[in-house]
Amino acid sequence: MTTGHNVHLLPQTDQLRAIHTIIRDRHCSRQDFVFYSRRVIRLLLEAGLDLLPFAKKDVITPVGATYQGLEFATKICAVPVIRAGEAMEAELREVHPGIRIGKILIQRDKQTKLPHLYYKHLPADIANRHVLLLEPMLATAGSAIAAVDVLLDAGVQEDHIILTNFISSPEGLRRVATERPRVKIVTSAIEDRLNEHAFMIPGIGDFGDRFFGTTDSGAVT
Ligand code: PRP
């Protein structure tokens with residue numbers, strides 16, 4: 001599919017596909033699911049940080065030479081969409097220990113699959129920041145767009161939002177590109193399609209349930 005210029009798909013290396021093979025297996029243990037998905041989350045976060053603006057900065061090295069480098073040129077924060085988005089928080093703290101973190105609680109109705117916003121608490125100056133929006137699953141994109149709209153209502157610029165996403169459907173990517181075209185998306189996999197229940201195929205099951213251990217089997221829900 002054409003992913004659009006704002007979709008950044010991680011390089012589909014053999015190692016990344018091997019990790020996906022472990023965690024997509026319905027028999028994967030929860031321990032392995034958490035361990036290997038966190039490795040991918042780290043790659044996603046690093047790729048998301050790559051999309052931020054940088055400014056030139058020179059430093060003097062220990063041998064007295066000048067290194068013509070770069071530094072972050074913006075303030076950032078992160079906003080996980082509870083619940084699955086919180087799976088990305090620990091890795092983010094590893095690379096950015098002091099980062100400000102807001103919260104948005106959105107849950108889909110089990111029958112209609114439509115998102116409902118229950119709670120939000122954002123940094124007071126979020127309008128002046130770039131935002132890593134942490135949302136592992138992009139199926140219909142209903143939840144992601146609802147979360148983006150919470151940020152826009154708070155004054156965040158649309159092109160300052162980086163949707164950090166584990167797996168995405170072509171339908172979801174197209175919807176974000178059409179309805180919120182300036183949002184940047186980083187993802188580690190683009191699925192074949194959505195099925196009639198709005199599950200991604202081949203998919204990974206319910207990411208939140210598998211990561212937090214709230215299903216017995218960890219199998220597809
Ligand atoms: C899941 C997932 C996303 C959303 C994606 O959340 O974590 O938030 O569905 O689907 P969509 O693109 O069709 O909106 P769910 O409401 O099941 O809650 P969870 O985070 O607790 O798993």
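If you're wondering where the values come from, they're calculated on a predicted model, not measured in any experiment. As the structure lists them, so they are numbered: ligands from 1, and atoms in each ligand from 1.
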Quiz item: Taking the six-membered ring where the residue is Trp, are the ring centres of Phe207 and Phe33 under 6.0 Å apart?
Solution: yes
Quiz item: Would Glu86 and Lys103 satisfy salt bridge (Lys or Arg N to Asp or Glu O under 4.0 Å), going step by step from the backbone distance to the final call?
Solution: CA-CA 9 Å; Glu86 291 185 304; Lys103 299 274 180 176; 2.9 Å; yes
Quiz item: Nearest 0.5 Å, what's the CE-CG distance between Met88 and Leu45?
Solution: 6.5 Å
Quiz item: Are the aromatic ring centres of His130 and Phe72 under 6.0 angstrom apart?
Solution: no
Quiz item: Quick one: which of Arg108, Arg210, Lys110 has a heavy atom closest to atom 1 (C) of ligand 1?
Solution: Arg108
Practice problem: Specify the protein heavy atom at minimum distance from atom 4 (C) of ligand 1: its residue, its atom name, and the distance to 0.1 Å. | Solution: Ser143 OG, 3.5 Å
Quiz item: Would you say Gly208 and ligand 1 have an N/O pair spaced under 3.5 Å apart?
Solution: no
Quiz item: Going by distance alone, is a donor N or O of one side chain under 3.5 Å from an acceptor N or O of the other, for Arg39 and Gln15?
Solution: yes
Practice problem: Could you tell me the residue and atom name of the protein heavy atom closest to atom 18 (O) of ligand 1, and the distance to it rounded to 0.1 Å? | Solution: Gln107 NE2, 3.3 Å
Practice problem: Looking only at distances, please establish whether an N/O atom of ligand 1 is found under 3.5 Å from an N/O atom of Met137. | Solution: no
Exercise. Give the residue, atom name and distance (to 0.1 Å) of the protein heavy atom nearest atom 21 (O) of ligand 1.
Key: Arg83 NE, 2.8 Å
Quiz item: Does Lys113 come within less than 4.0 Å of ligand 1, judged by its heavy atoms?
Solution: no
Quiz item: Who gets closest to atom 20 (O) of ligand 1 by heavy atom: Ala84, Ala87, Gly142?
Solution: Ala84
Self-check item: Thr164 side, atom OG1; Leu138 side, atom CG - distance, nearest 0.5 Å
Solution: 12.0 Å
Quiz item: So which bit of Ala141 gets within less than 4.0 Å of ligand 1, heavy atoms only: side chain, backbone, both or neither?
Solution: backbone
Quiz prompt | atom 22 (O) of ligand 1 - nearest protein heavy atom and its distance | solution = Asp206 OD1, 3.3 Å
Quiz item: Would Leu132 and His96 satisfy side chain to side chain contact (heavy atoms under 4.5 Å, CB included), going step by step from the backbone distance to the final call?
Solution: CA-CA 12 Å; Leu132 291 173; His96 210 307; over 6 Å; no
Quiz item: What distance do Lys75 atom NZ and Ile126 atom CD1 have between them, rounded to the nearest 0.5 Å?
Solution: 11.5 Å
Exercise. Do me a favour and list the nearest non-hydrogen protein atom to atom 8 (O) of ligand 1 with residue, atom name and distance?
Key: Glu135 OE2, 2.7 Å
Quiz item: Any N or O of Asp209 that comes nearer than 3.5 Å to an N or O of ligand 1?
Solution: no
Self-check item: Closest to atom 11 (P) of ligand 1 among Ile167, Thr140, Val176 (heavy-atom distance)
Solution: Thr140
Practice problem: Check each heavy atom of Val81 against ligand 1 and say whether those closer than 4.0 Å belong to the side chain, the backbone, both or neither. | Solution: neither
Quiz item: Is the closest basic N to carboxylate O distance between Glu71 and Lys56 below 4.0 Å?
Solution: no
